[in-house]
Amino acid sequence: METPVEVIPTRVASGFLDDLSETCKFPNGRAMHHSEDEVPLDSEVDFHHSESSLVDVQGSHSRQSGSARQKTLLCNFYRSIQVVVFSNKLNLLMPFGPLAILVQKFTGHLGWVFGLSLLGIMPLAERLGYATEQLAFYAGDTVGGLLNATFGNATELIISIYALKSGMTRVVQLSLLGSILSNMLLVLGCAFLCGGIVFNKKEQIFNKASASVNSGLLLMAVMGILFPAVLHYTHTEVHVGKSELSLSRFSSCIMLVAYAAYLFFQLKSQKSHYVSLNEEEGQNGNNSNVEESPDISKWESIIWLSVMTAWISILSEYLVGAIEGASDAWDIPVAFISVILLPLVGNAAEHASAIMFAMKDKLDISLGVAIGSSTQISMFVIPFCVVIGWIMGHPMDLNFQLFETAALFLTVIVVAFMLQEGTANYFKGLMLILCYLIVAASFYVHIDSSQ
C-alpha cells in the first residue's frame with residue numbers, strides 16, 4: 001500500500017523558499033536560488049541539502065567578519081602610526097638615532113655619536129609626552145599632570161641608571177640638577193611667555209594650593225641636598241668620608257616617604273583641593289572652551305609609551321657612553337653638557353606639553369608638568385638614584401657641591417616668588433627665561449671642583 005504524499009500548497013512552498021533565498025545570501029549579495037519565480041511542485045526539495053548550504057553560507061559570513069576585523073585592526077594600526085609618527089615635523093630627527101648606532105659601530109667617533117644620539121632622543125621624548133597627553137584625556141587634569149611628569153622624567157631616569165652602571169655618579173648628579181633648573185626656569189618660563197602672548201588681554205590664573213605644596217616640597221629637597229654639602233665644606237663630619245654618605249642615604253629614604261605621602265595627599269586624601277580651575281569651571285557649566293577628544297585610544301597610548309620608552313633606553317646607553325668623548329672633541333666642560341645639553345633633550349616632552357597646555361589656557365596642567373616634574377625629580381628620582389647606587393655598589397650622595405647647590409636654592413626661591421600670587425603673564429615668563437640664560441652661562445664658565 002503506497003504511502004500518500006502530502007501535497008504542499010504552491011503558495012506555502014514558494015514563500016518558504018523565498019525566505020530561505022532571502023536569508024542565505026552569498027557575500028556578493030546574490031541569492032542562493034537563481035529563479036525569482038515560483039518553484040515547480042513536481043521538483044523534489046532536498047531539505048538536508050538546503051540546511052548544509054545554510055551552514056556553509058553562515059561559515060562564509062563568519063570568515064568574512066573575521067577578515068573584516070583584521071582589516072579594521074590593520075586600518076587602526078596604520079592610522080595610529082600616521083598620527084603618532086608622521087604628524088610632527090620634529091619626527092624628522094628620528095633617523096638620527098639609528099644613525100648614531102651605525103656611527104658608533106663603524107667609526108667610533110664619540111663626538112658624532114653624542115650629537116646624533118642627542119638629536120635622536122629629542123623627538124622620542126616629545127612623542128613620549130604626546131602619548132602621555134593622549135592618556136591624560138582619560139584621567140583628568142590632576143592625574144594627567146602627574147602622568148606627564150612621570151613619563152616625561154622617564155628619559156632622565158633611564159639616562160641616570162645607565163650612567164650609574166658606568167660609575168658616572170657626577171654626571172647623574174649634574175644631569176638631574178640640570179633637569180630641575182630647566183623645568184623650573186626654561187619650561188615654566190616658556191609656558192608663561194607663550195600663554196601670556198596668546199592671552200595678552202588678561203592674566204592667566206592657576207591653583208595656588210597645588211603650587212604652594214610643590215614649592216614646599218622643592219624647598220624640602222633643597223634642604224636634603226644642602227646639608228650634606230654644608231657638612232662636607234665645614235669639615236664637621238663625625239666619620240670623615242662616611243657621615244656624608246650615610247646622611248645622604250637617610251635623607252633620600254625620608255624624601256621618598258615624603259613624596260609617597262604627597263601622592264596620597266594629592267590624589268586621595270585632599271583631591272578636591274587640587275581640582276584645577278578649568279575642571280571647576282567645567283563642573284559649573286562656565287567653561288566656554290570646546291571639549292577636545294583624544295587622537296588615539298587608551299591602549300594605543302599605553303603601547304606607544306612602552307615603545308618610546310624602550311627605544312629611548314637603547315639610545316641612552318650610547319649617549320652616556322659618549323659624554324666624555326664629546327667633551328674632549330668639542331672642548332666643552334662635562335658640567336655644561338650634563339646640566340644644560342642633556343636636560344634640553346630629556347625635557348623636550350615637558351617643554352612641548354607645558355607650552356601647548358598654556359596656549360590652551362590650561363595652566364594647571366602646565367604647572368603640573370613643569371613644577372610637578374621638578375618636584376618629582378628632586379623628591380623621587382634623585383633619592384631613588386641614591387638608593388639604586390647603594391644597591392648597585394656605586395655610592396652616590398646628595399652633596400652636589402657648593403656652586404650647584406647655590407644655583408638650585410636660588411632657583412627655587414625665585415620660582416616660589418613667581419608662583420605665590422597664583423597668576424601668570426608673559427613678563428613673568430620672560431624673567432624666568434632670562435634667569436635660565438644666566439644659569440647656563442654660569443655653568444659654561446664653571447670648572448667642576450670634583451674633577
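These values consider heavy atoms only, across backbone and side chains, with no hydrogens, waters or symmetry-generated copies. Given the structure is predicted, the values throughout are model-derived calculations rather than measurements.
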Open item on the list: For Glu203, is there an ion pair with Lys428 - N to carboxylate O distance below 4.0 angstrom?
Closed with: no

Open item on the list: Checking side-chain polar atoms at under 3.5 Å, does Asn399 have a donor or acceptor matched by the opposite partner on Gln173?
Closed with: no

- [ ] Please name the residue in the list Asn425, Asp361, Thr423 that meets the side chain to side chain donor-acceptor pair (under 3.5 Å) test with Lys202.
- [x] Asp361

Open item on the list: If you count every heavy atom of other residues, nucleotides or ligands that lies below 6.0 Å from Phe227 atom CZ, does the total exceed 12?
Closed with: no

- [ ] Answer whether the closest heavy-atom distance between the side chains of Met184 and Leu218 falls below 4.5 Å.
- [x] yes

TODO: For the pair Thr411 (side chain) and Ala407 (backbone), establish whether a donor and an acceptor sit closer than 3.5 Å, ignoring hydrogens and angles.
DONE: yes

Open item on the list: I'd like to know whether CG of Asn200 has more than 12 heavy-atom contacts from other residues, nucleotides or ligands below 6.0 angstrom.
Closed with: yes

Open item on the list: Treating Ser366 as the side-chain partner and Ala354 as the backbone partner, does any N or O pair qualify as donor plus acceptor under 3.5 Å?
Closed with: yes

Open item on the list: I'd like to check Leu367 versus Asn207 (side-chain heavy atoms, cut-off strictly below 4.5 Å). Are they in contact?
Closed with: no

Open item on the list: Just checking Trp330: does its CH2 atom have more than 12 heavy atoms from other residues, nucleotides or ligands closer to it than 6.0 angstrom?
Closed with: yes

Open item on the list: Is it the case that atom CZ in Phe250 sees more than 12 heavy atoms from other parts of the structure closer than 6.0 Å?
Closed with: no

Open item on the list: Quick check on Tyr162: does its OH atom have over 12 non-hydrogen neighbours (other residues, nucleotides or ligands) under 6.0 Å away?
Closed with: yes

Open item on the list: How about CD on Glu237, more than 12 heavy atoms from neighbouring residues, nucleotides or ligands closer than 6.0 Å, or not?
Closed with: yes

- [ ] Measure the spacing between CD1 of Ile254 and CG of Leu247 and express it to the nearest 0.5 Å.
- [x] 10.5 Å

Open item on the list: Is the shortest side-chain heavy-atom distance between Leu219 and Ile413 below 4.5 Å?
Closed with: yes

TODO: Taking atom CE of Met392 as the centre, report whether more than 12 heavy atoms of other residues, nucleotides or ligands fall under 6.0 Å from it.
DONE: yes

- [ ] Calculate, to the nearest 0.5 Å, the distance between atoms CH2 and CG belonging to Trp311 and Leu315 respectively.
- [x] 4.5 Å

TODO: Among Ile302, Ile296, Val84, Val83, find the residue that satisfies the side-chain contact (heavy atoms from CB on, under 4.5 Å) test when tested with Gln134.
DONE: Ile296

Open item on the list: If I take atom CD from residue Glu244 and atom OG1 from residue Thr236, how far apart are they, to the nearest 0.5 angstrom?
Closed with: 10.0 Å

Task: Distance-minimising heavy-atom pair for Ala358 and Gln204 - done: O-NE2, 3.1 Å

Task: Qualifying residue, where the test is side-chain contact (heavy atoms from CB on, under 4.5 Å) with Val412 and the options are Val415, Leu408, Leu410 - done: Leu408

Open item on the list: Give me the atom names and distance for the closest heavy-atom approach of Ile332 to Phe336.
Closed with: CG2-CD2, 3.6 Å

Task: Leu342 side chain near Phe114 side chain, heavy-atom distance below 4.5 Å - done: yes

- [ ] Report the relative orientation of the aromatic rings in Phe443 and Phe403; use parallel for angles under 30°, tilted for 30 to 60°, perpendicular for over 60°.
- [x] perpendicular

Open item on the list: Is the shortest side-chain heavy-atom distance between Leu363 and Phe357 below 4.5 Å?
Closed with: no

Open item on the list: Are there over 12 heavy-atom neighbours, none belonging to Phe409, within less than 6.0 Å of that residue's CZ?
Closed with: no

Open item on the list: Tell me the closest heavy-atom pair linking Ser378 and Met255, and the distance in Å.
Closed with: O-CE, 3.1 Å

- [ ] Determine whether Leu177 and Ile225 make a side-chain contact, defined as any pair of heavy atoms from C-beta on separated by less than 4.5 Å.
- [x] no

Open item on the list: What I'd like to find out is whether the side chain of Leu164 reaches to under 4.5 Å of the side chain of Cys385, using heavy atoms alone.
Closed with: yes

Open item on the list: Using 0.5 Å steps for rounding, measure from the CZ atom of Phe192 to the CZ atom of Phe206.
Closed with: 5.0 Å

Open item on the list: Assess, by modelled atom type and distance only, whether the side chains of Gln82 and Arg79 contain a donor and an acceptor separated by less than 3.5 Å.
Closed with: no

TODO: Can you see which heavy atom on Asp397 is nearest to which on Leu245, and at what distance?
DONE: CB-CD1, 4.0 Å

Open item on the list: If you define the side chain from C-beta out and look only at heavy atoms, does anything of Trp304 sit under 4.5 Å from Val85?
Closed with: yes

Task: Atom pair CG (Leu341) and OG (Ser175), whose distance is rounded to the nearest 0.5 Å - done: 12.0 Å

Task: Distance-minimising heavy-atom pair for Ser179 and Pro343 - done: N-CG, 3.6 Å

